[in-house]
Amino acid sequence: MNLNDFYEKGAQLFLPNLSVDLVIIGYTDSKLKCLLLQLGDKWILPGGYILRTESVDDATLRILQERTGLDDPHFKFLSVFGGKDRKFTEEWRQFFKINNLPFKEDYWTNDRFVTLAYYSLVDFESTTPVIGNLDTAFGWFDLDQLPNMMMDHKEIVLTAKERLKEDVRHEYLSYNLLAEDFTMPQLHQLHQTILGEELDRSRFQKKMLASGMFERLPKLQTDSPGRKPYLYRVKKD
């Protein structure tokens with residue numbers, strides 16, 4: 001869909017006043033990264049709108065697949081963001097001016113929007129980000145060093161960061177940030193990064209193995225010296 005059709009006919013195709021925003025989190029070099037898109041001189045979360053013909057979950061999955069290139073990405077509901085003044089007419093006006101595009105006050109995107117925010121944990125190396133018609137670039141940013149962001153998107157990212165800390169204490173989901181095959185030391189280091197604290201390695205490994213979620217792979221013979229940790233993967237249903 002070209003930009004003109006998007007602004008002129010979008011109200012007929014998408015649910016009014018409702019959007020989806022995604023905090024897509026990857027892990028590389030022992031740091032958590034967030035995928036952002038450049039819009040003008042600011043950065044935004046990947047997101048989109050819900051077609052009148054699809055469910056919210058289907059829309060979220062579609063947007064995630066379009067933005068990451070992953071077939072079956074993980075995603076988890078985060079929260080609703082819907083302040084009474086959540087209306088971004090001036091941001092859009094500036095964007096249109098910078099790009100020499102005609103701006104109309106009655107565009108459907110200028111109305112107040114409530115957004116359904118989700119966070120997604122992805123394998124950094126397997127993700128192939130894609131930009132859309134509006135944004136001009138993508139980038140992975142440290143969760144502790146976010147750039148100048150548009151709207152309330154920084155608040156959404158920081159909310160996701162804190163939620164992830166809470167969730168990994170009670171749920172086994174962090175493996176989504178690793179490759180299909182991983183070692184327990186890698187999983188241990190990942191948890192320490194998420195929580196921002198040191199964890200006893202032996203107790204952590206015992207807890208993970210006791211969950212019954214992971215299967216150990218046969219140890220490969222190598223010619224290199226030194227002890228090599230076993231590889232694990234999530235058990236298939």
Side-chain angles (χ1 to χ4, degrees), residues 1 3 6-7 10 14 18-50 59-60 62-70 73-83 85-101 103 107 109-165 177 193-194:
M1 181 186 301
L3 283 179
F6 175 76
Y7 287 105
F14 301 102
L18 191 63
S19 62
V20 171
D21 280 305
L22 305 169
V23 183
I24 300 174
I25 300 173
Y27 177 68
T28 183
D29 296 328
S30 298
K31 292 184 178 181
L32 294 172
K33 303 279 188 175
C34 179
L35 177 64
L36 300 178
L37 304 172
Q38 189 169 28
L39 184 64
D41 60 350
K42 294 185 178 181
W43 294 82
I44 63 172
L45 290 169
Y49 302 97
I50 304 165
T60 304
R62 169 179 57 80
I63 297 167
L64 260 173
Q65 290 174 329
E66 291 173 352
R67 291 303 195 177
T68 65
L70 299 174
H74 159 275
F75 64 95
K76 185 177 176 64
F77 179 69
L78 177 62
S79 187
V80 175
F81 291 80
D85 298 319
R86 198 176 189 277
K87 189 175 182 180
F88 308 111
T89 306
E90 292 309 311
E91 284 87 352
W92 285 124
R93 190 195 311 277
Q94 181 183 15
F95 171 77
F96 275 68
K97 182 178 180 180
I98 292 174
N99 291 276
N100 296 314
L101 298 172
F103 179 81
Y107 276 149
T109 52
N110 292 330
D111 205 349
R112 176 188 173 188
F113 267 81
V114 171
T115 196
L116 306 176
Y118 293 77
Y119 77 81
S120 173
L121 306 181
V122 301
D123 173 16
F124 180 86
E125 296 297 335
S126 300
T127 305
T128 53
V130 177
I131 61 174
N133 292 329
L134 297 177
D135 33 270
T136 56
F138 70 84
W140 290 95
F141 293 86
D142 289 359
L143 290 184
D144 295 323
Q145 295 180 328
L146 296 171
N148 185 19
M149 299 183 70
M150 188 177 285
M151 311 176 196
D152 56 357
H153 286 195
K154 184 174 182 178
E155 177 187 354
I156 297 175
V157 174
L158 295 179
T159 300
K161 178 184 176 183
E162 293 306 310
R163 177 64 62 79
L164 178 57
K165 284 185 180 181
L177 289 161
T193 300
I194 293 173

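Any value given below was found using the heavy atoms of this structure, including those in side chains, with hydrogens, waters and symmetry copies removed.
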To the nearest 0.5 Å, how far apart are [atom1] in [X] and [atom2] in [Y]?
{"X": "I63", "Y": "F75", "atom1": "CD1", "atom2": "CZ", "answer": "10.5 Å"}
{"X": "I194", "Y": "L121", "atom1": "CD1", "atom2": "CG", "answer": "7.0 Å"}
{"X": "L18", "Y": "I50", "atom1": "CG", "atom2": "CD1", "answer": "4.0 Å"}
{"X": "I156", "Y": "S79", "atom1": "CD1", "atom2": "OG", "answer": "9.0 Å"}
{"X": "N110", "Y": "K87", "atom1": "CG", "atom2": "NZ", "answer": "7.5 Å"}
{"X": "L36", "Y": "M150", "atom1": "CG", "atom2": "CE", "answer": "12.0 Å"}

Contacts of [X] that satisfy side chain to side chain contact (heavy atoms under 4.5 Å, CB included) - sequence neighbours left out:
{"X": "F96", "value": "Y7, W92, L101, F103, Y107"}
{"X": "V130", "value": "none"}
{"X": "K31", "value": "K33, D142"}

List the atom of [X], the atom of [Y], and the distance in Å for their closest heavy-atom pair.
{"X": "L70", "Y": "S126", "value": "CD2-O, 3.4 Å"}
{"X": "F77", "Y": "R163", "value": "O-NH1, 3.8 Å"}
{"X": "G69", "Y": "T128", "value": "CA-OG1, 3.7 Å"}
{"X": "D41", "Y": "N148", "value": "O-ND2, 4.4 Å"}
{"X": "T115", "Y": "S19", "value": "OG1-OG, 2.9 Å"}
{"X": "V23", "Y": "A160", "value": "CG1-CB, 3.7 Å"}

**OP:** Determine yes or no for a side-chain-to-main-chain donor-acceptor pair under 3.5 angstrom, with H153 supplying the side chain and I44 the backbone.
**Re:** no

Subject >> Under the salt bridge (Lys or Arg N to Asp or Glu O under 4.0 Å) test, residues paired with K76 that sit two or more places apart >> reply: E171

Subject >> salt bridge (charged side-chain N to carboxylate O under 4.0 Å, His left out) partners of residues 109-128, not counting sequence neighbours, each pair once >> reply: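 Sorted result for residues 109-128: empty, none.
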
Original post:
Which pairs pass salt bridge (charged side-chain N to carboxylate O under 4.0 Å, His left out) with one or both residues in residues 19-29, sequence neighbours excluded?
Top reply: D21-R86

Side chain to side chain donor-acceptor pair (under 3.5 Å) partners for [X], two or more places apart:
{"X": "T193", "answer": "Q189"}
{"X": "K42", "answer": "none"}
{"X": "E90", "answer": "R93"}
{"X": "D135", "answer": "R67"}

Original post:
Does the side-chain contact (heavy atoms from CB on, under 4.5 Å) test come out yes or no for V157 and M149, once each step is laid out?
Top reply: CA-CA 10 Å; V157 174; M149 299 183 70; 4.0 Å; yes

Original post:
What residues, two or more places apart in sequence or in another chain, satisfy ring-ring contact (aromatic ring centres under 6.0 Å, His included) together with F141?
Top reply: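 Expected list: W43.
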
**OP:** Report the residues that fulfil ring-ring contact (aromatic ring centres under 6.0 Å, His included) with F124, sequence neighbours left out, ordered by chain and then residue number.
**Re:** W140

**OP:** Report the relative orientation of the aromatic rings in F6 and Y49; use parallel for angles under 30°, tilted for 30 to 60°, perpendicular for over 60°.
**Re:** tilted

Original post:
Does atom NZ of K165 have more than 12 heavy-atom neighbours from other groups under 6.0 Å away?
Top reply: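 More than 12 heavy atoms, drawn from other residues, nucleotides or ligands, come within 6.0 Å of this atom.
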
Original post:
Does K161 reach the side chain of L32, with side-chain heavy atoms less than 4.5 Å apart?
Top reply: no

Original post:
Between L134 and L37, is any pair of side-chain heavy atoms under 4.5 Å apart?
Top reply: no

Subject >> Given I24, T127, L22, L64, the one that forms side chain to side chain contact (heavy atoms under 4.5 Å, CB included) with P73 >> reply: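 Output: one option passes, namely L64.
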
